[in-house]
Amino acid sequence: MPDRAPQPVDRQLPTDEARDLISLVRDIAQREIAPKAAEEEDAGHFPREVLTLLSESGLLGLPYDSEYGGGDQPYEVYLQVLEELAAARLTVGLGVSVHTLACHALANYGTKEQQVEHLPDMLGGGLLGAYCLSEPSSGSDAASLRTKAVRDGDSWVITGTKAWITHGGVADFYTVLARTGGEGARGITAFLVPGDAEGLSAAVPEKKMGMKGSPTAQVHFDGVRIPDDRCIGDEGQGFAIALSALDSGRLGIAACAIGVAQAALDEAVAYATGRQQFGRPIADFQGLRFMLADMATQIEAGRALYLAAARLRDAGRPFAKQAAMAKLHCTDTAMKVTTDAVQVLGGYGYTADFPAERYMREAKVLQIVEGTNQIQRMVIARHLAGPESR
């Protein structure tokens, strides 16, 4: 079967700097990430060394201010970097997205003193972050979280358990949403908790159907004491901060989804043009040609949707509805495209000898994380028709 190399995505980038950035990312992806992806995912290896390399290369703080070690890149560019990384290995692309999410609160709501003290190490100093919102009993209903933070003099004491935490147990810092007041959204505050804080521990990582190299674990806070200067924003502002972060984070998930879908399409095209049946490549048969055409069209539509939302964000305009649409469409597309890729490969698609089955398993989680696609539909509908009647 001939080896047909995929063609790089033809990207519309705003600057020469952005084009150079994408070239750098592609080089790292081809040399350091993609060749080891299948083996390391199968072994459950977390690629901390790759994330360290990305930090050293200035790729862990792209959308943030260069004053603090960020890259000063618009979301339009940052998301295309995520897509390239996720196409090489979702564990890496999603890892960068989650780290960016974990930096959001401090970068956008922290005081100048907090930013000067912490952001340089978070954005370019090799540290890795995690985002702690979900709990065992509060996932989609995030405003019902129970983890508590109680003031004790000039400190806060945090007690509770967070669930489904990407980088749980390996992160250097955690952005934690905890209850400091009454019930509901207004009683929640954000905190920056160091990963080595006394009383902080992680459970054994979850056993998952995909993304086995990315640790997902419960994180326990057993009387974790942190100083008041690690409280981010105003007391009671935490839920608004969380929602703001998730709007941007959903765009990250959308970009990662398109990356996985693009990788699956590339694999399907390579296989279909190389596999011979009935004396000719199976790509000659109209049934498969139409499948490939539909896959490519869905990917292009998803890419255009997430970039349109990113450009709204970059322009300072409201983008929550478009972010929800992008997350919904792109992750559903990833699931459909990866499923079709397995079908194109036939029996080989169901084996671990080819990456199609891994892409399919990985795509599923993207319909769930950072707000299930059912929640995205609720968000979109509220923008269209207003809140639900009670």
Side-chain angles (χ1 to χ4, degrees), residues 97-111 114-115 118 122 129-151 156-168 171 173-193 218-221 224 226 228-253 309 313 318-324 327-328 368-383 386-388 390:
S97 181
V98 167
H99 174 81
T100 303
L101 181 71
C103 295
H104 180 277
L106 186 63
N108 290 278
Y109 295 90
T111 65
Q114 289 174 323
Q115 292 169 348
H118 300 295
M122 292 164 62
Y131 184 76
C132 296
L133 177 61
S134 294
E135 297 183 2
S137 61
S138 65
S140 296
D141 184 15
S144 67
L145 64 84
R146 297 179 181 178
T147 295
K148 288 186 177 181
V150 178
R151 187 184 288 277
W156 292 88
V157 179
I158 303 176
T159 303
T161 296
K162 295 294 182 178
W164 309 112
I165 306 305
T166 300
H167 302 157
F173 65 91
Y174 296 83
T175 295
V176 180
L177 284 303
R179 187 164 302 284
T180 56
E183 295 297 313
R186 295 183 180 179
I188 296 170
T189 302
F191 298 90
L192 181 67
V193 180
Q218 289 192 355
V219 178
H220 305 297
F221 299 84
V224 173
I226 60 170
D228 189 53
D229 62 11
R230 282 183 171 265
C231 176
I232 304 173
D234 296 330
E235 188 175 340
Q237 191 184 10
F239 195 69
I241 292 174
L243 292 183
S244 173
L246 287 174
D247 284 340
S248 297
R250 285 165 180 164
L251 291 181
I253 299 302
R313 186 191 188 281
F319 69 100
K321 178 181 72 173
Q322 288 80 5
K327 199 274 185 184
L328 169 64
I368 299 171
V369 296
E370 294 190 32
T372 67
N373 283 6
Q374 287 68 36
I375 290 294
Q376 305 314 312
R377 289 177 169 88
M378 291 174 62
V379 171
I380 296 163
R382 285 171 185 164
H383 280 277
E388 301 90 335
R390 294 293 182 183

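Computed from a predicted structure; not experimentally measured.
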Donor-acceptor pair, [X] side chain versus [Y] backbone, under 3.5 Å?
X: Lys162; Y: Phe221; value: no
X: Gln114; Y: Asp229; value: yes
X: Lys327; Y: Glu370; value: no
X: Lys148; Y: Arg179; value: no
X: Thr175; Y: Ala102; value: yes

Tell me every residue that passes salt bridge (charged side-chain N to carboxylate O under 4.0 Å, His left out) with [X], counting only those two or more places apart in sequence or in another chain.
X: Arg146; answer: none
X: Asp228; answer: Arg151
X: Arg186; answer: none
X: Glu183; answer: none

Nearest non-hydrogen partners of [X] and [Y], listed with the distance:
X: Ser248; Y: Phe319; result: OG-CZ, 3.7 Å
X: Ile253; Y: Ser97; result: N-OG, 4.2 Å
X: Gln115; Y: Asn108; result: NE2-N, 4.4 Å
X: Tyr131; Y: Ala245; result: OH-CB, 4.0 Å
X: Ala163; Y: Pro136; result: CB-N, 3.6 Å
X: Thr189; Y: Cys231; result: CG2-SG, 3.5 Å

Determine whether [X] and [Y] make a side-chain contact, defined as any pair of heavy atoms from C-beta on separated by less than 4.5 Å.
X: Val193; Y: Arg230; value: no
X: Glu135; Y: Gln218; value: no
X: Trp156; Y: Thr180; value: yes
X: Ile375; Y: Arg250; value: yes

Report the distance from atom [atom1] of [X] to atom [atom2] of [Y], rounding to the nearest 0.5 Å.
X: Ser134; Y: Asp141; atom1: OG; atom2: CG; result: 10.5 Å
X: Leu145; Y: Leu177; atom1: CG; atom2: CG; result: 6.5 Å
X: Lys321; Y: Asp247; atom1: NZ; atom2: CG; result: 13.0 Å
X: Ile158; Y: His220; atom1: CD1; atom2: NE2; result: 15.0 Å
X: Leu328; Y: Ile380; atom1: CG; atom2: CD1; result: 5.0 Å
X: Leu192; Y: Ile226; atom1: CG; atom2: CD1; result: 7.5 Å

Residues forming a side-chain contact (heavy atoms from CB on, under 4.5 Å) with Val157, sequence neighbours excluded: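 With neighbours one apart ignored, the set is Asp152, Thr159, Arg225.
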Ala171: side-chain contact (heavy atoms from CB on, under 4.5 Å) partners, not counting sequence neighbours: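 side-chain contact (heavy atoms from CB on, under 4.5 Å) check on Ala171 returns Ala130, His167, Tyr174.
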Walk me through whether Arg313 and Gln322 qualify under side chain to side chain contact (heavy atoms under 4.5 Å, CB included). CA-CA 10 Å; Arg313 186 191 188 281; Gln322 288 80 5; over 6 Å; no
Given Leu133 and Leu246, is the side chain to side chain contact (heavy atoms under 4.5 Å, CB included) satisfied, shown in steps? CA-CA 10 Å; Leu133 177 61; Leu246 287 174; 3.9 Å; yes
Over 60° means perpendicular and under 30° means parallel, so tell me whether His99 and Phe173 are parallel, tilted or perpendicular.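 Perpendicular: the ring planes of His99 and Phe173 meet at over 60°.
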